[in-house]
Amino acid sequence: MTALAFDVVVIGGGGSGLAAAIEAQAHGASVLLLEKNDALGGSTAWSIGSVTSSGTPHQQRVGIDDNSEDHWADMPGFAGDLADRDNHDLRRILCQDIPDTFQWLLDSGVRFMGPMPEPPHRVPRMHNVLPNSRSFIYHLSRRARDAGVDIRTGHCLTQLLLHEGRVTGVEVRHASGVQRITARRGVVLAAGDFTNSPELKARFMGPQEAKVEAVNVTATGDGQRAAEALGGRILNGDLALGPEIRFMAPTHETLMRRLPPWRWLAVFMAWAIDHVPGVVLRPFVMKFLTTALAPSTTLFDLGAILVNQRGERLGNECDRPALRLPDQPDKVGYIVLDQSLVQQFSAWPNFVSTAPGIAYAYVDDYRRNRPDVYTQAPTLDALAQRLKMDPTALRHSAQSGGVRALQSGPFVALGPVRSVFVHNEGGLKVNAHHHVLDAADAPIAGLYAAGSTGQGGLLLKGHGHHLAWAFVSGRRAGRFAAQGL
């Protein structure tokens, strides 16, 4: 097989990897981007698609005066008691660089709606991508290819190559076998987190957490493991968004996910959001909102119960029920409501699910838009029959109740639901140049990390910060790798 050599090799074809590849190419390097899946996207393509930034044109248009220092000061409010574990230097880099990177995304063709409020941000900073998160991958992959980046899918990292203390390339596995590729200036690890690595989750979180799957099933910590073999260290590996309960995804993609990420369509959607009456827009938005989002925990606080496929309660619904779902038949459950709860969750302030800054979904929205996860029956026995449950078990579960016993029908079951990790904070320790650091806190020459792989102890609580870091750190890591800094 022909030997391959590039100045910079980027591992991972999500948002951070594409940003790194584009920036490295722009700084004079020849760049190879390798993605283990058959298509680009990574966790970026699975995300809701929000980017949180100060100093954006969207803020300026509505008269919001904002700056990176206020953004930096507001972020610890999301971390709460964990704030002392944050990397303050990387947080400052994120907040200082995201305004320029937000404009870079706009220049790449990405379009947003917003800004949306999200306390404790003191002003609205959250911007949601239009029409969906695939827009990032569509526009950035086009920009990368136009710039001359060599992109190859179906290539999985197996190990980093080391010579005289410096990372000089990678070994990858693909359909034709195993291949070694030289990186003359550096390797950028941008392969995502380890939410679907049972081994890493067991080590940092616990054996029960190791059973919980990830939203992105290919997020297996390839970059973290490869760097650990050379002395790299994972920080905050015990912190994650999840496990949380989520509705099963539709068998067929929703209209919102199928929308092509064309610029004119995004511009039209942004105009419609500002000008079309909400009563007209809402049915369309609901088709997105009732996909695979998390049901509100308020359901359980007010008395809904969680049962398995046999109709048995999993235990206290208010005590981390997501950790018990992986032990149930097919790892799924159903949320059961009586008529009183159905009425409560038919209007504000009690909603079934929400996408921040977009809208709230109620019981009737699920009835209309997700008949595959909505079952209604006049009695518990009839509900059990429709769901192929044991009616005696379901009646007992309803009587034992959560906060209270379920009472009169009609009864509604929402599900199946499953337990997932959305993302985790366990990234490699890096310095301000995104060099991966070894056990002695010395840079591993030629090795950089970005996005979740190179999170470096930075806490990214609150919506829109993970993607902001992906693009900021990716651009910086690619630039520093190309320059050999």
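Computed from heavy atoms alone, side chains included, the values below leave out hydrogens, waters and symmetry copies.
With sequence neighbours left out, the side chain to side chain contact (heavy atoms under 4.5 Å, CB included) criterion links A477 to V188, H434, Y448, A450. Residues that satisfy the side chain to side chain contact (heavy atoms under 4.5 Å, CB included) test with D38, not counting sequence neighbours, are absent from this structure. Scored by the salt bridge (Lys or Arg N to Asp or Glu O under 4.0 Å) test, D441 finds R233, K429 as partners (sequence neighbours excluded). Residues forming a side chain to side chain contact (heavy atoms under 4.5 Å, CB included) with I64 (at least two apart in sequence, or on another chain): Q59, V62, D66, P115, V123, P124. Every residue was checked against the salt bridge (Lys or Arg N to Asp or Glu O under 4.0 Å) condition with R320, not counting sequence neighbours, and none meets it. Annotation: side chain to side chain contact (heavy atoms under 4.5 Å, CB included) contacts of D100 (sequence neighbours excluded): R475. The side-chain hydrogen bond (donor to acceptor under 3.5 Å, both in side chains) check on D86 picks up R91, with sequence neighbours excluded. The salt bridge (Lys or Arg N to Asp or Glu O under 4.0 Å) check on R184 picks up D7, with sequence neighbours excluded. By the salt bridge (Lys or Arg N to Asp or Glu O under 4.0 Å) test, D70 pairs with R122, sequence neighbours left out.
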Worked check of side-chain hydrogen bond (donor to acceptor under 3.5 Å, both in side chains) between T220 and K36: CA-CA 11 Å; T220 52; K36 72 175 180 180; 2.7 Å; yes
Show your reasoning for whether side-chain hydrogen bond (donor to acceptor under 3.5 Å, both in side chains) applies to D65 and Q60. CA-CA 7 Å; D65 183 17; Q60 294 162 12; over 6 Å; no
Apply side chain to side chain contact (heavy atoms under 4.5 Å, CB included) to D97 and W104, showing your working. CA-CA 11 Å; D97 282 27; W104 178 82; over 6 Å; no
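Among pairs with a residue in residues 53-64, none fulfils salt bridge (Lys or Arg N to Asp or Glu O under 4.0 Å), at least two apart in sequence or across chains. Screening residues 178-198 for ring pair (Phe, Tyr, Trp, His ring centres under 6.0 Å), with sequence neighbours left out, gives F194-F204.
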For residues 160-168, tabulate all N or O donor-acceptor pairs below 3.5 Å that involve a side-chain atom, not counting sequence neighbours.
| unit_1 | atom_1 | unit_2 | atom_2 | d |
| --- | --- | --- | --- | --- |
| R166 | NH2 | R185 | O | 2.8 |

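Residues Q455 and H423 have side chains that never bring a donor and an acceptor to within less than 3.5 angstrom of each other. Under the 3.5 Å distance criterion, with hydrogens and angles disregarded, a donor-acceptor pair is assigned to the side chains of E35 and N37. No donor-acceptor contact under 3.5 angstrom links the side chains of Q179 and E171, judged on distance only. Side chain to side chain, S47 and H466 fail the donor-acceptor criterion of an N or O pair below 3.5 Å. For the 3.5 Å distance criterion, the side chains of E425 and N236 fail to qualify, holding no donor opposite an acceptor.
The backbone N or O of L200 lies less than 3.5 Å from a partner atom in the side chain of S197, making a donor-acceptor pair. Distance alone, capped at 3.5 Å, is enough to place a donor-acceptor pair between the Q224 side chain and the G426 backbone. In this structure a side-chain-to-backbone donor-acceptor pair under 3.5 Å is present from S133 to A45. Under the 3.5 Å distance criterion, the side-chain polar atoms of W469 are matched with a main-chain donor or acceptor of G451. A donor-acceptor pair under 3.5 Å links the side-chain atoms of T453 to the main chain of A191, judged by distance alone. Side-chain N or O atoms of T52 include one that pairs as donor or acceptor with a backbone N or O of H463 at under 3.5 Å. Remark: the backbone N or O of P131 is not paired with any side-chain donor or acceptor of S135 at under 3.5 angstrom. No donor-acceptor distance shorter than 3.5 angstrom exists from the side chain of S108 to the backbone of V110, with no hydrogens or angles considered.
The residue from N216, D193, T195 that alone fulfils the side chain to side chain donor-acceptor pair (under 3.5 Å) condition with S43 is N216. With Y366 as the partner, the ring-ring contact (aromatic ring centres under 6.0 Å, His included) test is satisfied by one option alone out of F351, F247, Y360: F247.
Between E23 and R476 no salt bridge is recorded (no basic side-chain N to carboxylate O distance below 4.0 Å). The residues R246 and E213 are annotated as not salt-bridged, no charged nitrogen and carboxylate oxygen being separated by less than 4.0 angstrom. The existence of a salt bridge linking E209 and K201 is excluded, since no basic side-chain nitrogen approaches an acidic carboxylate oxygen closer than 4.0 Å.
Expressed to the nearest 0.5 Å, how far CG of L447 lies from CG of L428 amounts to 7.5 Å. Taking OG1 of T44 as the start and CG of L140 as the end, the distance is 9.0 Å to the nearest 0.5 Å. The distance from the CD1 atom of I22 to the CZ atom of R145 is 10.5 Å, given to the nearest 0.5 Å. One finds the OG atom of S53 at 9.0 Å from the CZ atom of R125 (value rounded to the nearest 0.5 Å).
Between H121 and H465, the distance from one ring center to the other falls under 6.0 angstrom. The aromatic ring centroids of F471 and F102 lie 6.0 Å or more from each other.
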